[in-house]
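Each chain gets a letter, A, B and so on, in the order its sequence line appears, and its residues count up from 1.
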2 protein chains.
Amino acid sequence: MANDSLKLDNQICFPLYAATREMTKRYRPLLEELNVTYPQYLVLLVLWETDRISVKALDERLFLDSGTLTPMLKRMEERGLLKRTRSKQDERVVEVALTDKGKQAEAKAAQIPLKFLEQSQLSEEEFIQLKRILTKMLDQIEES
Amino acid sequence: MANDSLKLDNQICFPLYAATREMTKRYRPLLEELNVTYPQYLVLLVLWETDRISVKALDERLFLDSGTLTPMLKRMEERGLLKRTRSKQDERVVEVALTDKGKQAEAKAAQIPLKFLEQSQLSEEEFIQLKRILTKMLDQIEES
DNA sequence: GGCAATTAAATTGTGTAAAATTTAATTGTT
DNA sequence: AACAATTAAATTTTACACAATTTAATTGCC
């Protein structure tokens, strides 16, 4: 071991990577009723706010490109949560909109954020710090 | 929008999820010389510390199960970084050890952590807080 | 010693991720 | 109007993730 900076326990990004995977694992039982994955849940969060959005705009909101979104949105369409339609104004654009089932899922999801927070043992203060630091990381990246 | 707790901007886990993906994207050019992905780099970090380890122990260290590790370790073996061998004492166990090429990669990697930190604009203080909070999240999970 | 229970990897199936390329539609410029 | 450049999705390829199942080896218990 020539170099302490290469020790796993000294890495900052490893806990980031591991905590993210454990977080999505914790979400899984909460999302079971909706029958969606965590990334699909993020799409629903956006659609519950906007109701109708292009794939491009979803990409900008979630930082997920069409290579990820296209098959994911097709799966969600198959499950009846949303509808994909080509824009009339610009045929290149695919717009995504919730179905009634997708809209109704919001009520089922209402308790998810609280349930998740209850499970977690971080303090309010720690959540605020965590979010502030991660958002700062993301802001830098958006700039570049 | 019936429920503010379902707003994307109010989620704590979304910045966690997004920052992790952006982090691995930032690592990619740094790992190019080694010709490994970020998860493969984590395996190398462990092996540079221990030289020889079972798949099971790797799982415990990285929280990645055999479904992920087996194909990943096979790819790394194909690229000549490590060798997989069945244990003589217990034929169920597969042990992973670095090749000379894998060992030599450590020298090439020596500058990676510093280069990554230089790119980032978080303060020393923020790094310490971030790591502390994420490690706390992970500790809870290990307990359960 | 025999055999059920346990354990370690591997396999299977589904679902992300993201780089790179392709296809099709639109826009800007001459 | 013509056509090169740009743009939005889709596709292709490679590589994770992880739940669930299978296979093979080992251990525990009678």
Between E118(B) and K115(B) (salt bridge meaning N to carboxylate O under 4.0 Å), is one present in this structure?
no

Return the value, rounded to whole Å, for the distance between atom CG of L62(A) and atom P of dA18(C).
11 Å

Heavy-atom side-chain contact between N35(B) and L81(B) under 4.5 Å:
no

Scoring nucleotides 6-16 of chain C by protein non-hydrogen atoms under 4.0 Å (B base, S sugar-phosphate only, - none) yields -BSSBB---SB

Just N and O in the side chain of R28(B): are any of them under 4.0 Å from OP1 or OP2 of dA19(C)?
yes

Rounded to whole Å, NZ of K25(B) lies from C1' of dA20(C) at a distance of 14 Å

Y27(B) OH to dC16(D) P: how many Å, rounded?
16 Å

Applying side-chain hydrogen bond (donor to acceptor under 3.5 Å, both in side chains) to R28(B) and not counting sequence neighbours gives none

Does R86(A) have any side-chain hydrogen bond (donor to acceptor under 3.5 Å, both in side chains) partners at least two apart in sequence or in another chain, and if so, which?
none

Integer-rounded Å distance: dC18(D) C1' and R26(A) CZ:
17 Å

Rounded to whole Å, how long is the line connecting atom CZ of F63(B) with atom C1' of dC16(D)?
18 Å

Please give, in whole Å, the distance from dT23(D) P to E91(B) CD?
19 Å

Expressed in angstrom and rounded to an integer, what is the separation of D59(B) atom CG from dC16(D) atom P?
16 Å

What salt bridge (charged side-chain N to carboxylate O under 4.0 Å, His left out) pairs are there with at least one residue in residues 9-19 of chain B, not counting sequence neighbours?
R61(A)-D9(B)

Rounded to the nearest angstrom, tell me the gap between atom CE in M23(A) and atom C1' in dC18(D).
15 Å

Take the C1' atoms of the five end pairs on each side of the helix from dG1(C)-dC30(D) to dT30(C)-dA1(D), derive the two axes, and give their angle rounded to 10 degrees.
10°

Applying side-chain hydrogen bond (donor to acceptor under 3.5 Å, both in side chains) to T70(A) and not counting sequence neighbours gives none

Do any pairs count as a side chain to side chain donor-acceptor pair (under 3.5 Å) and have a residue in residues 73-84 of chain A, sequence neighbours left out, and if so which ones?
E77(A)-R84(A)

Using the test side-chain hydrogen bond (donor to acceptor under 3.5 Å, both in side chains), find all partners of K56(A) that sit at least two apart in sequence or belong to another chain.
E60(A)

Under the side chain to side chain donor-acceptor pair (under 3.5 Å) definition, can you give me all pairs with a residue in residues 91-103 of chain B, not counting sequence neighbours?
R52(B)-E95(B), D90(B)-R92(B)

